[in-house]
Structure formats: C-alpha cells, structure tokens
Amino acid sequence: MDYLEITGPASLQGNVKISGAKNAALPIIAMTLLANNTVKIGNMPAVVDIKTLLKLIENLGGTFSFTDENSVEINTCCLTNTTATYDIVKTMRASILVLGPLLSRFGHCEVSLPGGCAIGQRPIDLHLKALEQMGAKITIHAGYVQAEAPQGLQGAHIIFDKITVTGTANIVMAAALAYGTTQITNAAREPEVVQLCEILQESGVEITGIGTAELTIVGREQKLIDFVPFDVIPDRIEAGTYLCAAGIANSSITLENVRHDHLEAVTGKLEEMGFTIETTPHTMTIHPTNEIKPVSIITQEYPAFPTDMQAQFMALATQANGTSTIEERLFENRFMHVSELQRLGADIKLNGHTATVIGPSALSGTDVMATDLRASSAMVIAANIAQGTTQVHRIYHLDRGYENLEKKLGDLGAKIERLKE
Ligand code: EPZ
C-alpha cells in the first residue's frame with residue numbers, strides 16, 4: 001500500500017487549480033442512466049470514486065470514454081443489466097445513487113445495500129421510504145435492495161425526515177422519469193444537488209425550487225432525456241482543504257477555478273480565526289494572520305458549516321491561540337482523526353459529539369493513519385507544519401476524493417512524497 005512521507009514545517013506559496021467536485025460528479029454519472037443520448041461531461045475529477053462508479057455503469061452495460069483526463073462521454077442507451085453488485089457498492093456507498101434512475105427507467109433493479117463506513121452507519125431508509133411513496137415495492141433480500149415498479153414510478157409529495165444529500169439526488173432523478181409531479185419537502189440544498197437539478201432543467205425536465213428546500217419535478221413518463229454538455233462544478237471541499245493547508249502554515253496561496261459563493265460558511269470561519277480572504281469571480285486568495293484565533297464550529301447541512309470540512313478545521317484549530325470547540329452533528333463517528341492528531345502532539349479532548357481543541361500545540365512528525373477521506377487530508381495539512389517527518393498510512397482513503405494531492409501540495413512548496421509500504 002502507498003503512504004505519504006511529509007517533512008515539515010513547510011510554508012506554502014503560489015497557485016493551485018481546484019478540480020471538479022467528486023460529490024457533484026457522482027450523482028451526475030448516475031443521472032446518465034436517464035439519458036437518450038451520449039452525455040458529454042467536462043471538469044470530471046480524476047479520483048478513485050469516479051472510476052468506481054464508471055465501472056458500475058459499465059457493469060450495467062453502459063459505455064464511457066475519456067476524451068481527455070478530465071472529459072468523459074457516457075452512453076447508457078443499451079443497458080443489459082439492472083443489478084448493482086456488492087463487489088462495487090461495498091467500495092463506494094454512493095453507488096446507491098443508481099437506485100432511483102434505474103428503477104424509474106426500467107421499473108425494476110437490484111442494488112446491494114451499501115453498508116456503513118468509518119464515519120457512521122449511513123442508513124438509506126429515507127431513500128427507500130421515498131421510493132415506496134412513489135409506488136415502488138421494496139424488499140431487502142440477501143443484502144440487496146430489490147425494487148419493483150412495473151408501471152413506472154408515480155409522482156408523490158416526499159417529506160424527508162432528515163436532510164439527505166444523496167437521498168434528495170436519488171429522488172430527483174427518480175421523479176424526472178416518473179408519471180406525474182413529485183414535490184420534495186426538506187430537500188438538500190448543497191451545490192452538488194443544485195447542479196444536478198440545473199442540468200436536468202437545462203435538458204428539458206420541468207423542475208422548480210432549485211436551491212431551496214422545496215423542489216417540484218414534473219415527471220416525463222419514462223421518456224428519456226437528451227442531455228446538454230456541461231462541466232462539473234469546482235470542488236468546494238477540496239478548495240476549503242487547501243485554504244486550511246495555507247492557514248495552518250501561515251501562508252498565502254491563491255485557488256483557481258473555485259466558486260467562493262459555495263464556501264461562505266468556511267470563509268466566514270477562517271475570517272473569524274483572523275485570516276483575510278480575497279475573491280474574484282473564479283479565484284480565492286488567503287492571507288496569513290499574525291495570531292490564529294480560536295473558533296467554535298457546529299457542522300450542519302448547507303449553507304451552514306459542512307461536515308466534510310470538520311477534520312481539516314480541527315487540524316487548523318491545533319494552532320489557534322486558545323480553546324476551540326467543534327461539534328459534529330451529522331455523523332455519529334466522525335472524530336477518528338482526533339487520536340491521529342493527538343499522535344502528532346495535538347491537545348484535543350472529546351466529549352460525545354464535541355471536540356475541544358486547546359492550542360497552540362507544537363506538532364512533531366511521526367507515523368499516523370488515515371481513517372476516512374476528509375480525515376486523511378487533515379493529517380496531511382497537520383503533517384506539513386509538524387516538526388520532522390510524518391508518514392501518513394492508508395492513503396487509499398485520500399485517493400478517493402483528492403486529485404493529485406501530493407503534486408498540488410508539492411507545487412505549493414510542501415515536502416511530500418508518495419512511497420510504497
Ligand atoms: C453526502 O453523503 C456526501 N457524499 C458526504 O460526503 C457528506 O458528508 C454528506 O452528504 C453530508 O453532507 C456524497 O455526496 C457522495 P446524507 P450522504 O444522506 O448523502 C442520515 C465525503 O467526504 N441519513 O446527507 O450519504 C445520515 O446517517 C462524503 O465526500 C439517514 O438517516 O449523506 C446522516 O446522519 C462523506 N437515512 C445524515 O442523514 C438516510 O436514508 C446526512 O446524510 C440517509 C441519510
């Protein structure tokens with residue numbers, strides 16, 4: 001297995017180009033199951049999770065080809081199979097995103113239960129309950145969701161008990177080919193869901209309420225969609241990660257190809273900590289502060305502070321002058337980076353879903369382990385300012401969602417190398 005060797009402390013300077021958003025690209029790839037044409041997608045991030053979902057599309061009988069490293073054309077006109085098997089779904093739970101489109105288009109499908117992951121049990125009960133409301137017959141058998149809707153899905157009024165990002169995406173896609181109109185109350189408003197709705201709308205699906213918690217979708221009665229070509233939006237979490245990398249290293253860097261309007265909660269907290277952020281329509285520049293102030297963070301659904309930035313801010317908070325508190329409200333087990341940061345010398349106390357970080361603490365390099373995707377990036381940015389050499393192991397987590405991280409960070413001045421165990 002690969003690991004990263006990072007020697008700190010290192011300051012950062014220069015520009016970094018932000019890649020397309022993994023969490024926008026995944027529902028978009030699932031959306032191609034609704035297509036009547038070959039779908040042309042640009043700014044596709046070259047990360048493992050994307051490759052995994054494309055392999056699933058291929059297993060279903062779809063085809064894809066990359067016209068360059070970040071541009072792909074996907075065709076699902078001749079699907080031969082509607083079963084998403086365990087071997088793929090177990091490696092990437094967002095595979096559940098094929099459930100809604102497959103069921104709505106074909107009237108039947110089998111999708112392996114995704115299972116939990118390191119950060120939590122991650123149930124899909126809300127996805128399934130909504131599809132049942134749309135007329136699906138759902139049974140769970142031998143670890144698979146078996147879904148039937150032989151007459152197609154019917155529009156319904158779905159009220160989500162909890163805001164669910166992929167749940168909203170699944171139902172939007174299912175509703176696009178349903179018979180009748182679907183209203184979703186308490187819909188997720190994440191930019192990744194907004195882009196999915198915008199592409200569907202630009203391709204002829206009647207959708208109103210985009211960007212709000214109330215979505216209305218007029219079903220096309222299983223008439224497939226001719227999609228317009230488009231580029232995936234920039235990855236707001238990758239962008240936030242690099243902002244934290246610069247902040248913790250008291251450095252100034254510029255992010256290119258970024259949507260700062262997707263990062264307002266994140267930049268608000270960085271400014272509270274003393275950093276200055278300059279923006280233009282497609283760039284963000286962070287400037288260091290002579291004293292990093294402590295911060296209080298609660299993770300919530302968009303547009304509030306994102307859970308996917310929690311670990312990175314915990315790393316940053318280790319260098320704040322005072323006591324920071326971080327409350328994780330979305331996932332039940334998203335603090336596994338705490339013990340790894342403590343190995344570097346961080347002073348963090350856990351009490352249920354709240355971490356208290358006392359800073360500043362001098363960090364020293366040692367062996368640490370990546371435990372999930374975003375925790376991995378937190379370890380990397382902390383290692384970059386730790387005194388000495390750090391080995392970050394199990395970086396397959398990192399490769400799922402960060403494109404060329406060691407090259408991007410290396411080009412900014414970090415001493416970082418990918419080695420083999
Ligand atoms: C999406 O996961 C993201 N993944 C996650 O990013 C992100 O952390 C999460 O949204 C929250 O923003 C993708 O978009 C591929 P949820 P998702 O359904 O959709 C509970 C990353 O690092 N829930 O919004 O799976 C659930 O347990 C990943 O890129 C139910 O109870 O998250 C959680 O507590 C990690 N029943 C809360 O809702 C359900 O049926 C939010 O989950 C569905 C969800």
Side-chain angles (χ1 to χ4, degrees), residues 19-31 45 47-50 52-53 56 89 91-100 111 113-133 138 140 145 158-173 184 186-196 213 232-233 235-241 262 265-266 298-312 327-334 336-337 353 370-378 397-403:
S19 301
K22 162 182 85 80
N23 289 349
L26 291 171
I28 283 170
I29 292 170
M31 177 200 76
V47 296
V48 169
D49 273 6
I50 297 305
T52 302
L53 193 55
L56 172 50
V89 177
T91 64
M92 210 253 315
R93 60 180 313 286
S95 309
I96 196 64
L97 283 163
V98 305
L99 175 61
V111 178
L113 280 169
C117 76
I119 64 176
Q121 201 254 329
R122 315 275 303 267
I124 57 166
D125 56 309
L126 301 177
H127 300 235
L128 302 182
K129 188 177 145 201
L131 290 170
E132 285 176 328
Q133 272 189 261
I138 305 265
I140 308 289
V145 174
I158 309 295
I159 303 175
F160 277 125
D161 298 344
K162 276 184 174 179
I163 295 171
T164 163
V165 172
T166 50
T168 301
N170 235 334
I171 299 309
V172 164
M173 292 188 283
I184 303 175
N186 207 21
R189 296 160 54 193
E190 273 68 2
E192 297 75 25
V193 173
V194 168
Q195 179 169 40
L196 175 72
V232 176
I233 55 171
D235 192 321
R236 61 192 169 100
I237 304 302
E238 183 195 22
T241 302
H262 291 166
V266 170
I298 298 173
T299 66
Q300 296 176 91
E301 296 83 0
Y302 193 87
F305 188 90
T307 176
D308 292 351
M309 284 301 307
Q310 181 254 103
Q312 300 91 313
E327 184 184 344
E328 172 55 56
R329 284 199 179 164
L330 270 83
F331 291 111
E332 60 270 33
N333 188 32
R334 202 168 198 174
M336 286 171 301
H337 41 282
H353 292 289
T371 52
D372 62 81
L373 170 56
R374 305 305 174 182
S376 324
S377 65
H397 291 292
L398 207 62
D399 296 336
R400 295 188 51 173
Y402 286 96
E403 184 174 3

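Whatever order the structure lists them in is the order used to number ligands and atoms, beginning at 1.
P114 places none of its side-chain heavy atoms less than 4.5 Å from the side chain of R122. Side-chain atoms of R374 and M309, non-hydrogen and from C-beta on, never get closer than 4.5 Å to each other. Within the 4.5 Å cutoff, the side chain of S95 has no heavy atoms near those of the V111 side chain. No side-chain heavy atom of Y402 sits less than 4.5 Å from a side-chain heavy atom of V47.
The closest side-chain donor-acceptor pair between H397 and D372, if any, does not fall under 3.5 angstrom. Side-chain N/O atoms of E332 and H353 include no donor and acceptor closer than 3.5 Å. There is no side-chain donor-acceptor pair under 3.5 Å between E327 and T299.
Nearest to atom 2 (O) of ligand 1 among the protein's heavy atoms is R122 NH2, 3.4 Å. The closest protein non-hydrogen atom to atom 38 (O) of ligand 1 is K162 CD, 3.8 Å. Distance from atom 37 (C) of ligand 1 to its nearest protein heavy atom, with residue and atom name: L330 O, 4.2 Å. Nearest non-hydrogen protein atom to atom 40 (O) of ligand 1 is L126 N, 2.7 Å. The protein non-hydrogen atom at the shortest distance from atom 19 (O) of ligand 1 is T166 OG1, 2.6 Å. Counting protein heavy atoms only, atom 36 (N) of ligand 1 is closest to D125 OD1, 2.7 Å. Atom 24 (O) of ligand 1 has as its closest protein heavy atom V165 N, 2.8 Å. Among all non-hydrogen protein atoms, the one lying nearest atom 32 (O) of ligand 1 is F331 CZ, 4.1 Å.
In this structure, CD1 on I29 lies 5.0 Å from CG on L53, to the nearest 0.5 angstrom. With rounding to the nearest 0.5 Å, the separation of CD1 in I138 from CG in L99 is 6.0 Å. How far CD of Q133 is from CD1 of I158: 4.0 Å, rounded to the nearest 0.5 Å.
Counting the atoms of ligand 1 from 1 in the order shown, those under 4.0 Å from a heavy atom of I124 are 39 (C), 40 (O). Within ligand 1, counting atoms from 1 as listed, the ones closer than 4.0 Å to a heavy atom of A94 are 15 (C). Of all the atoms in ligand 1, the ones that sit under 4.0 Å from a non-hydrogen atom of T307 are 8 (O), 11 (C), 12 (O). Per-residue contacts place H127 under 4.0 angstrom from the following atoms of ligand 1 (heavy atoms of the residue considered): 40 (O).
Between Q310 and H337, the closest heavy-atom pair is OE1-NE2, 2.8 Å.
In this structure, E192 has no heavy atom closer than 4.0 Å to ligand 1. For the pair K22 and ligand 1, a heavy-atom separation below 4.0 Å is found. Taking a 4.0 Å cut-off on heavy atoms, R334 registers as neighbouring ligand 1.
For R334 and D308, the salt-bridge test passes: some basic side-chain N is under 4.0 Å from an acidic carboxylate O. A salt bridge links R236 with E192: the closest approach of a Lys/Arg side-chain nitrogen to an acidic carboxylate oxygen falls below 4.0 angstrom.
Between the choices L373, L26, D308, N23, the shortest heavy-atom distance to atom 14 (O) of ligand 1 belongs to N23. Proximity annotation for atom 43 (C) of ligand 1: of G167, S377, S95, P123, P123 comes nearest, heavy atoms only.
Below 3.5 Å of separation, one finds no N or O of I119 facing any N or O of ligand 1. An N or O contact shorter than 3.5 Å links R374 to ligand 1 by distance.
Here E301 has no heavy atoms under 4.0 Å from ligand 1, in either its backbone or its side chain. Of the heavy atoms in T164, both backbone and side-chain atoms come closer than 4.0 Å to ligand 1. Of the heavy atoms in R93, only side-chain atoms (C-beta onward) come closer than 4.0 Å to ligand 1.
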